[in-house]
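The structure under discussion appears below in the form of structure tokens.
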Amino acid sequence: MFQVQHQSIRPLTTAHLAQTMTLLSLTADELKQEIDSELSSNPALEMVEERRCPTCHRLLTEPGKCPICSLPTNIESEEPVVFLSPREEFIPQKDYIDTEIDDEPFAPATEDLPTYVLRQIAPDLKPEQRGLAAFLLTHLDEDGLLTTSLMDVARYTHFMISEVEKVQKIIQLADPIGVGSCTTTDALLVQLQVLAETGEVPEIAEILVREGMGELSHHQYSDLAHKYNVPLRKINEAAKFIAENLNPFPARSHWGDTRQPVVEQTQVYHQPDILISYLNDDPNRPLVVEIIMPISGTLQVNPLFKQAVRQASDDTKPDLKQDLEKASLFVKCLQQRNHTMERLLIRVVGMQRDYIIKGEKFIKPVTRAQISRELEVHESTISRAVANKAVQLPNKRIVPLSSFFDRSLNVRSELKEIIEKESKPYSDSDLVEILGQRGYEVARRTVAKYRAIEGILPAHLRKVTTKAT
DNA sequence: CTATGGCACGGATT
DNA sequence: AATCCGTGCCATAG
């Protein structure tokens, strides 16, 4: 009677810890895979059926209360509401995507464009709208523009035009902003609208885009100035703004300065692991943070299996017992993971509230180390939790969770703003000076780096961007 | 001579 | 322990 069997009882804490760590670092998608494989390989695990909130019909991980509906109606908490939310699974079948899309000849992307967009907007769609959305998304050209007229779409799918338009609106606001527009003009207008929510947009920009595209692209700025009776300077400014911030082909990287090695910021399509939105879309209400769970039920140890183990004969018992252990460990780890994520998000979202609402300029330089101290967990825990996760902000933009910890993002956006505002070109050392006045101490060399990151040209190249011929 | 980009080093972060 | 980021120094371009 050696302790051969005893090995099934492992040092729970270490294993527990290790697995939790692994789970923490997983994306929602990866987590799903993990759960699936565990679920299928281990008979002791079971998933109880999905539950929905009686009031709002939202899927729940736990029975009963829906965190949103159970909220007092008029809370004005600074603290965000954080909860786990199962993702409504909506992966478009490949056959939605017919001949149009050849399977990624070059694929740094995680998924193709239609899927990517669909995932973002799925929560906003009524089930019956999804097919329509999928239809629209599969009729995009490589620039992200619609190849079919809305009219035809409506006729073909038997939806009302107004309905089609509604869905298109939703699509346009998704990440490659403007995707799914009928024309480049439309795409630009949508982008303008979105930009206007967070930053400042030259007033004439909209009208220019709406009516003056032809002149714009031919650089007939003086004509435009005359036509709308505004100073040429304004036009130049607007043109520059448009060239730098808008993209007529949403699915492509950039436009305008074709000769610039603008190393496009991670064009990687990511689907969010965390959704942040306003309660009822009202900016005055508290933020709602949903941590996406890729499953729609509750994972638990199958009680039947437990019972079976007890009755099992002695020779099979150890094996079964091991499964049981594993299953319960897995469940524990999963809970641990979610708990950690929850605490992390509460903290981080609470701190970066301004960033989330008002934009990059208001980000507070927080390091992972700080958070880890506050949460009393190891730094590496936070690191793992933060890595490889994407967050969808209320404005539908998707950013990596790690951006919440970017030490220099606020300085960079300040810098960006200075340069955009003052149309007279500042040299790097000038910029150091100005930034200093605004409370940002940075070295000259650093400014140069920031410019590079933001894809801003050096001063002497910048000044003549809008030269009329 | 001034403004920038390159290389590399040290300290902070992960 | 490995990596990232801010900086200083130097070479180069205008």
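Bear in mind that the values here come from a model prediction, so they are computed numbers and not experimental data. Residue numbers begin at 1 in each chain, while the letters A, B, ... track the order of the sequences.
Counting to the nearest Å, the P atom of B:dT14 and the CG atom of A:Leu344 are 13 Å from each other. A:Glu433 has its CD atom 17 Å from the C1' atom of B:dT2, to the nearest Å. Following rounding to the nearest Å, A:Leu409 (CG) and C:dC5 (P) show an atom-to-atom distance of 12 Å. Between the CG atom of A:Leu415 and the P atom of C:dG6 there is a distance of 12 Å, given to the nearest Å. Computed from coordinates, the A:Tyr440 OH to C:dG6 C1' distance equals 17 Å when rounded to whole Å. Atom CD1 of A:Ile453 is separated from atom C1' of C:dC5 by 9 Å (rounded to the nearest Å). A:Glu454 has its CD atom 13 Å from the P atom of C:dC5, to the nearest Å.
Rounded to the nearest 0.5 angstrom, A:Leu409 CG and A:Ile363 CD1 are separated by 5.0 Å. Of the inter-residue distances, the one linking A:Gln352 atom CD with A:Lys364 atom NZ reads 6.0 Å to the nearest 0.5 angstrom. Distance check: A:Asn338 CG to A:Thr20 OG1 gives 10.5 Å after rounding to the nearest 0.5 Å. Rounding to the nearest 0.5 Å places NZ of A:Lys449 at 10.5 Å from CZ of A:Arg444.
None of A:Leu324, A:Asn302, A:Asp323 except one satisfies the side chain to side chain contact (heavy atoms under 4.5 Å, CB included) rule with A:Pro43; the exception is A:Asp323.
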Inset, instruction - Summarise how protein sits on nucleotides 7-14 of chain C as a single string, 5' to 3': B when a protein heavy atom is under 4.0 Å from the base, S for sugar-phosphate-only contact, - for no contact. - result: BBB-----
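A salt bridge is defined here as a Lys NZ or Arg NE, NH1 or NH2 lying under 4.0 Å from an Asp or Glu carboxylate O, and A:Lys361 with A:Glu417 meets this definition.
Near-neighbour residues of DNA chain C inside residues 367-377 of chain A, defined by a heavy atom below 4.0 Å, are absent.
The local environment of CD in A:Gln437 is crowded, with over 12 non-hydrogen atoms from other residues, nucleotides or ligands closer than 6.0 Å.
Under the ring pair (Phe, Tyr, Trp, His ring centres under 6.0 Å) criterion, the residue pairs touching residues 340-365 of chain A are A:Tyr355-A:Phe404, with sequence neighbours excluded.
In this structure, A:Ser380 reaches neither bases nor backbone, as no heavy-atom distance under 4.0 Å exists between it and the strands shown.
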Inset, instruction - Determine, stepwise, if the pair A:Val349 / A:Arg353 fulfils side chain to side chain contact (heavy atoms under 4.5 Å, CB included). - result: CA-CA 6 Å; A:Val349 174; A:Arg353 197 156 189 274; 5.9 Å; no
